[in-house]
Amino acid sequence: MPPGRDEGVEAIQVRSPSMAGEYVRCEWAGDDPLMQSYHDDEWGRPLHGDRALFELLVLEGAQAGLSWRTVLHRRAGYRVAFEGFDIARVASYGDAERRRLRSDKRIIRNRAKIDSAISNARATLRVQSEHGSLDALLWSFVGGEPRRNAFIRMTDVPSQTAESRAMSKGLKAYGFSFVGPTICYAFMQSAGLVNDHVVGCFRHQQTG
């Protein structure tokens, strides 16, 4: 789902003067400068590279039960705490690192989510061994090309799709957790596997 959907977003779009003149954004970007920057520069832009995709999977899982704004404002802290999301390093974490992370106020200190990040790094290594890269597996669920949708209202955007259900099932088979169909669809939107900017948003035609 789009970031902020769980906060009751209903409107189609919002005007904001953060470029040369007014332009239209997806409503969920709101008036938070960090959220606006994320909307403009990252959300829906095709993302590749195993480290970047692993990071996004971890952060989307951390969002469960929370808002994306909460996670986004902690992203810099996550990058430090998880050593730049180096997959092999995170996969090697043991009890000492788990204790360190559970006491790190820069991140969401939920035991299950921290454990999931570590187990997901180990699952990523298994995926890399079998598929060559996490990138190859994740993008296979959309045939390797971004899907451009044409939703008018944010309320038209689904919370999960057949593709996100397939991704969830595929990732769970490798031992990933916090990868339910709704989390997977949010990941697909963020990583640009699908372009769910509403048609009135200035990013709709520029993305994907």
Check your understanding: Have Gln128 and Asp50 got a donor and an acceptor in their side chains that come within less than 3.5 Å?
Key -> yes
Point to revise | Reported CG-to-CD distance for the pair Asn195 and Gln189, which is rounded to 0.5 angstrom | key: 10.0 Å
Check your understanding: Honestly curious: do Ile114 and Val80 fall in one hydrophobic cluster under the side-chain, below-4.5 Å linking rule?
Key -> no
Exercise for review: Could you tell me the separation between the CG atom of Leu53 and the CG atom of Leu47, rounded to the nearest 0.5 Å?
Suggested key: 4.5 Å
Review point. Is there side-chain contact between Asp32 and His73, with at least one heavy-atom pair below 4.5 Å?
Key: yes
Exercise for review: Any salt bridge (Lys or Arg N to Asp or Glu O under 4.0 Å) involving residues 112-127? Give me the pairs, sequence neighbours left out, ordered by first then second residue.
Suggested key: Arg98-Asp115
Practice item. Using side-chain contact (heavy atoms from CB on, under 4.5 Å) as the criterion, list what pairs up with Arg75, not counting sequence neighbours. Key: Tyr38, Glu42, Glu55, Leu59, Leu72, Arg79
Practice item. Answer yes if the ring centres of Trp68 and Trp28 are under 6.0 angstrom apart, and no otherwise. Key: no
Practice item. Tell me whether Leu134 is reachable from Val194 by hopping between hydrophobic residues (I, L, V, M, F, W, Y) whose side-chain heavy atoms are closer than 4.5 Å. Key: yes
**Study point:** Salt-bridge criterion met for Arg25 and Asp40 (N-O under 4.0 Å)
**Key:** yes
Check your understanding: Should we say atom CG of Asp31 is surrounded by more than 12 heavy atoms from elsewhere, each under 6.0 Å from it?
Key -> no
**Study point:** Common cluster, Trp43/Ile183, ILVMFWY with side-chain heavy-atom separation under 4.5 Å
**Key:** no
Practice item. Report yes if the side chains of Arg203 and Arg45 come closer than 4.5 Å at any heavy-atom pair, otherwise no. Key: yes
Review point. Where is the tightest heavy-atom contact between Ser116 and Ser119, given as atom of each residue plus distance?
Key: O-OG, 3.1 Å
Exercise for review: With sequence neighbours left out, write down each residue that passes side-chain contact (heavy atoms from CB on, under 4.5 Å) with Val58, or none if nothing qualifies.
Suggested key: Phe54, Phe85, Ala117
Exercise for review: List in chain and number order the residues that pass side-chain contact (heavy atoms from CB on, under 4.5 Å) with Leu137, two or more places apart in sequence or in another chain; answer none if no residue qualifies.
Suggested key: Val127, His131, Ser140, Phe141, Leu171, Tyr174
Exercise for review: Applying side-chain contact (heavy atoms from CB on, under 4.5 Å), name anything that partners Lys169, two or more places apart in sequence or on another chain.
Suggested key: none
Exercise for review: Give every residue pair that meets the salt bridge (Lys or Arg N to Asp or Glu O under 4.0 Å) criterion with at least one member in residues 81-95, sequence neighbours excluded.
Suggested key: Arg51-Asp86, Glu83-Arg89
Exercise for review: Please examine the side chains of Phe187 and Ser164, heavy atoms only from C-beta on, and report whether any two atoms are closer than 4.5 Å.
Suggested key: no
Exercise for review: Ignoring hydrogens and angles, state whether a donor on the side chain of His197 or Asn149 is under 3.5 Å from an acceptor on the partner side chain.
Suggested key: no
Exercise for review: Establish whether Val71 and Phe178 are linked, either directly or via other cluster members, by ILVMFWY side-chain heavy-atom contacts under 4.5 Å.
Suggested key: no
Study note, to complete from the structure: In this structure, OG of Ser168 is separated from CD of Glu163 (nearest 0.5 Å) by 13.0 Å
Review point. Under 3.5 Å, is there a donor-acceptor pair linking the side chains of Thr70 and Ser67?
Key: yes
